[in-house]
Amino acid sequence: MENLLIKSNLIVLIFIFSSFYSQEKKLDSITINNGKYYIYVQEKNDTINRSIEVYKNKNILLSTNKNIIPCRNCGGINGDPYISIEQGENSEFVINMDNNLITFSISNNRVLLVQSKFFNKVENKKSRGKVIVKYIIFSPRNKQYIYLEDYSQEKLERQYQKKVYFN
């Protein structure tokens, strides 16, 4: 009887412990359109990509994605690549990461990728020590958007128009 009681208590403790560590914690959040939409960035631990969730009126999940925001330790020597999530124009929000700004818009209860802008500093012999910034901007072709839940880097490069320019 005592062994059974010890085993059942151990099972309960394991369940509580695993439940606690499997839950995601909120890292960042914003509201847009006067509190109509809520956007949360969450993580389970330092080695798993973070999730982004978009809610309407705090209780209706519109979309989620776990491919956009890398884990805290995924930036290597550069550190955590995630910087912030910010309100854009109207029903837009921007995910700000190292060298990358990704803009989404909420329309008709769908979350659409509006633009992805990558930038990095380039120095070469032709610049004579002057820092040149290279921009790569991806924007939709013919209003064919990628939805937040379908977003991946591969899909972005395949479906969106790419423009490169230097400052």
Side-chain angles (χ1 to χ4, degrees), residues 18-121 131 133-167:
S18 64
S19 297
F20 176 77
Y21 281 98
S22 67
Q23 293 178 351
E24 292 187 325
K25 59 183 175 189
K26 286 187 176 86
L27 288 179
D28 209 349
S29 65
I30 62 166
T31 59
I32 58 175
N33 267 20
N34 297 320
K36 184 175 181 179
Y37 300 108
Y38 295 80
I39 296 103
Y40 300 105
V41 175
Q42 304 181 115
E43 76 177 349
K44 281 190 180 185
N45 63 44
D46 292 350
T47 59
I48 297 175
N49 280 359
R50 295 159 182 163
S51 66
I52 182 164
E53 296 179 348
V54 179
Y55 288 87
K56 182 177 180 180
N57 302 326
K58 272 193 174 179
N59 59 353
I60 302 169
L61 180 64
L62 296 180
S63 189
T64 187
N65 186 297
K66 292 185 180 185
N67 297 318
I68 298 173
I69 305 173
C71 71
R72 175 181 310 270
N73 294 331
C74 293
I77 61 170
N78 295 325
D80 188 353
Y82 176 74
I83 297 171
S84 65
I85 188 164
E86 301 160 7
Q87 181 167 352
E89 298 177 15
N90 302 319
S91 295
E92 292 181 350
F93 63 93
V94 179
I95 301 170
N96 184 358
M97 293 184 288
D98 259 354
N99 303 327
N100 194 359
L101 297 172
I102 304 173
T103 304
F104 286 91
S105 179
I106 303 171
S107 176
N108 297 322
N109 293 330
R110 296 301 310 259
V111 185
L112 314 165
L113 175 64
V114 175
Q115 183 183 77
S116 184
K117 185 176 186 178
F118 297 90
F119 48 93
N120 59 9
K121 294 177 183 172
V131 175
V133 180
K134 176 182 178 182
Y135 296 92
I136 302 172
I137 297 179
F138 290 93
S139 47
R141 292 183 191 159
N142 304 321
K143 303 255 183 202
Q144 294 182 354
Y145 294 98
I146 297 173
Y147 296 113
L148 175 67
E149 61 269 19
D150 299 326
Y151 177 92
S152 70
Q153 188 65 34
E154 296 79 29
K155 204 171 244 192
L156 173 71
E157 292 175 6
R158 191 174 59 243
Q159 285 186 230
Y160 276 41
Q161 181 177 348
K162 177 181 178 180
K163 292 182 183 176
V164 178
Y165 66 95
F166 298 86
N167 71 333

*Let me see the working for Leu101 and Phe119 under side-chain contact (heavy atoms from CB on, under 4.5 Å), right down to the final yes or no.*
CA-CA 9 Å; Leu101 297 172; Phe119 48 93; 4.1 Å; yes

*Thr103-Gln115 side chain donor-acceptor pair, cut-off 3.5 Å*: no

*Are the side chains of Ser84 and Asp28 in touch, meaning some heavy atoms are under 4.5 Å apart?*
yes

*Can you find a heavy atom in the side chain of Lys134 that is under 4.5 Å from one in the side chain of Val164?*
yes

*Please determine, by modelled atom types, if Gln159 and Gln144 share a side-chain donor-acceptor pair under 3.5 angstrom.*
no

_Residue that, paired with Glu43, satisfies salt bridge (charged side-chain N to carboxylate O under 4.0 Å, His left out) out of Lys66, Lys26, Arg72_ = Arg72

Report all side-chain donor-acceptor pairs from residues 32-40 shorter than 3.5 Å, counting only partners two or more places apart or in another chain.
unit_1: Asn33; atom_1: OD1; unit_2: Ser91; atom_2: OG; d: 3.3
unit_1: Asn33; atom_1: ND2; unit_2: Ser91; atom_2: OG; d: 2.8
unit_1: Tyr38; atom_1: OH; unit_2: Gly35; atom_2: O; d: 3.4

*To the nearest 0.5 Å, tell me how far Ile68 CD1 sits from Ile102 CD1.*
5.5 Å

*Starting at CG of Asn99, measure out to CD1 of Ile83 and round the result to the nearest 0.5 Å.*
8.0 Å

_Given Thr64, Val111, Ile60, the one that forms side-chain contact (heavy atoms from CB on, under 4.5 Å) with Val54_ = Val111

*Heavy-atom neighbours of Glu149 CD exceed 12 at 6.0 Å*: yes

*Quick one: CD on Glu92 to CD on Gln87, what's the gap to the nearest 0.5 Å?*
10.0 Å

*Nearest 0.5 Å, what's the NZ-CD1 distance between Lys163 and Ile136?*
14.0 Å

*Indicate the ring-plane relationship of Tyr165 and Tyr135, choosing parallel, tilted or perpendicular according to the 30° and 60° boundaries.*
parallel

*Dump the intermediate steps for side-chain contact (heavy atoms from CB on, under 4.5 Å) on Ile52 and Ile85, then the final yes or no.*
CA-CA 10 Å; Ile52 182 164; Ile85 188 164; 3.7 Å; yes

*Is a side-chain N or O of Arg141 found less than 3.5 angstrom from the main chain of Tyr160, in a donor-acceptor match?*
yes

*Which atom pair, heavy atoms only, marks the closest approach of Cys71 to Asn49?*
N-OD1, 3.3 Å

*asked:* One pair to check against side-chain contact (heavy atoms from CB on, under 4.5 Å): Asn90 and Ser105. What are the steps and the verdict?
replied: CA-CA 8 Å; Asn90 302 319; Ser105 179; over 6 Å; no

*Starting at CG of Asn100, measure out to CZ of Phe138 and round the result to the nearest 0.5 Å.*
9.5 Å

*Rounded to the nearest 0.5 Å, what's the gap from CG on Asn65 to CG on Leu148? Could you check?*
5.0 Å

